[in-house]
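Contents: one structure, followed by commentary.
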Amino acid sequence: MASRSKTTTGLSVLFGVVGVLHFVKPAEFEKIVPKALPRKKELVYASGVAELACAAGLLHPKTRRLAGLASAGLLVAVFPANVQMAADIQRKGSPQQKAIAWARLPFQVPLIKWALKASRETK
């Protein structure tokens, strides 16, 4: 079996942990679903399933290409939830919470790059 990079393994672990949390603590994720979207709980569960599928797919070279591309797409798709969280914290959070919420948004870029890199680790 082909080896995978530490970033791909780390991304898989990240998706796995966060995917499980979608089912363990769905209310925390429902809070950050953009206000305009309906059926928040269903969206949280669907994104949890998607994250678990990406996590599993990143582990094997035969599924890694598709899983890497899907992971990048998922990271783009959930970005509005991260913006919603930052906006909500801006209204009622502490200065430290505000700084953390806004500072974490740019970290989506390296995560997307790692997912795309993983999609090329097929051998």
Side-chain angles (χ1 to χ4, degrees):
M1 180 182 287
S3 64
R4 61 186 169 272
S5 69
K6 289 180 183 179
T7 55
T8 297
T9 301
L11 191 61
S12 176
V13 169
L14 177 68
F15 274 121
V17 169
V18 176
V20 168
L21 286 174
H22 278 68
F23 295 95
V24 174
K25 296 189 175 229
E28 294 301 312
F29 292 93
E30 288 177 56
K31 292 178 195 175
I32 66 170
V33 174
K35 309 255 185 271
L37 295 176
R39 303 179 72 163
K40 293 176 182 357
K41 183 170 279 202
E42 290 87 345
L43 289 171
V44 168
Y45 288 148
S47 62
V49 168
E51 289 185 5
L52 292 171
C54 287
L58 287 168
L59 295 176
H60 196 278
K62 288 186 179 183
T63 55
R64 195 170 298 137
R65 177 163 171 70
L66 178 60
L69 295 172
S71 297
L74 182 59
L75 288 163
V76 170
V78 301
F79 186 74
N82 295 326
V83 172
Q84 182 69 57
M85 180 178 64
D88 290 345
I89 288 174
Q90 184 64 35
R91 288 191 285 281
K92 58 188 173 194
S94 71
Q96 183 180 16
Q97 289 172 319
K98 291 174 186 178
I100 291 169
W102 289 106
R104 71 186 288 270
L105 293 176
F107 287 108
Q108 291 290 109
V109 174
L111 290 174
I112 292 166
K113 286 182 178 181
W114 291 342
L116 293 173
K117 179 182 173 238
S119 75
R120 295 186 297 271
E121 291 178 15
T122 57
K123 294 182 182 179

Quiz item: Which residue pairs satisfy the salt bridge (charged side-chain N to carboxylate O under 4.0 Å, His left out) criterion with at least one member in residues 8-28, sequence neighbours excluded?
Solution: Glu28-Lys31
Quiz item: According to the side-chain hydrogen bond (donor to acceptor under 3.5 Å, both in side chains) rule, which pairs have a member within residues 14-23, sequence neighbours left out?
Solution: His22-Ser47
Quiz prompt | Listed partners of Leu74 passing side chain to side chain contact (heavy atoms under 4.5 Å, CB included), at least two apart | solution = Phe15, Ala50, Glu51, Cys54, Val78
Quiz item: Does any pair with a residue in residues 32-44 pass side-chain hydrogen bond (donor to acceptor under 3.5 Å, both in side chains), and if so which ones, sequence neighbours excluded?
Solution: Lys35-Asp88
Quiz prompt | Residues in side chain to side chain contact (heavy atoms under 4.5 Å, CB included) contact with Leu111, at least two apart in sequence or another chain | solution = Leu11, Leu14, Leu75, Gln108, Trp114
Quiz prompt | Pairing residues for Thr7 by the side-chain hydrogen bond (donor to acceptor under 3.5 Å, both in side chains) criterion, not counting sequence neighbours | solution = Ser5, Lys117
Practice problem: For Lys98, check side-chain hydrogen bond (donor to acceptor under 3.5 Å, both in side chains) against everything at least two apart and list the hits. | Solution: none
Quiz prompt | side chain to side chain contact (heavy atoms under 4.5 Å, CB included) partners of Val83, counting only residues at least two apart | solution = Phe79, Leu105
Quiz item: Among all residues two or more places apart in sequence or in another chain, which pass the side-chain hydrogen bond (donor to acceptor under 3.5 Å, both in side chains) test with Ser12?
Solution: none
Exercise. State which residues pass side chain to side chain contact (heavy atoms under 4.5 Å, CB included) with Leu52; sequence neighbours excluded, sorted by chain then number.
Key: Val20, Phe23
Practice problem: Considering only Ile, Leu, Val, Met, Phe, Trp and Tyr, and joining two whenever side-chain heavy atoms are under 4.5 Å apart, list the other residues clustered with Leu66. | Solution: none
Practice problem: Find the distance between CH2 (Trp102) and CE (Met85) and round it off to the nearest 0.5 Å. | Solution: 10.0 Å
Exercise. Determine yes or no for a side-chain-to-main-chain donor-acceptor pair under 3.5 angstrom, with Arg64 supplying the side chain and Leu59 the backbone.
Key: yes
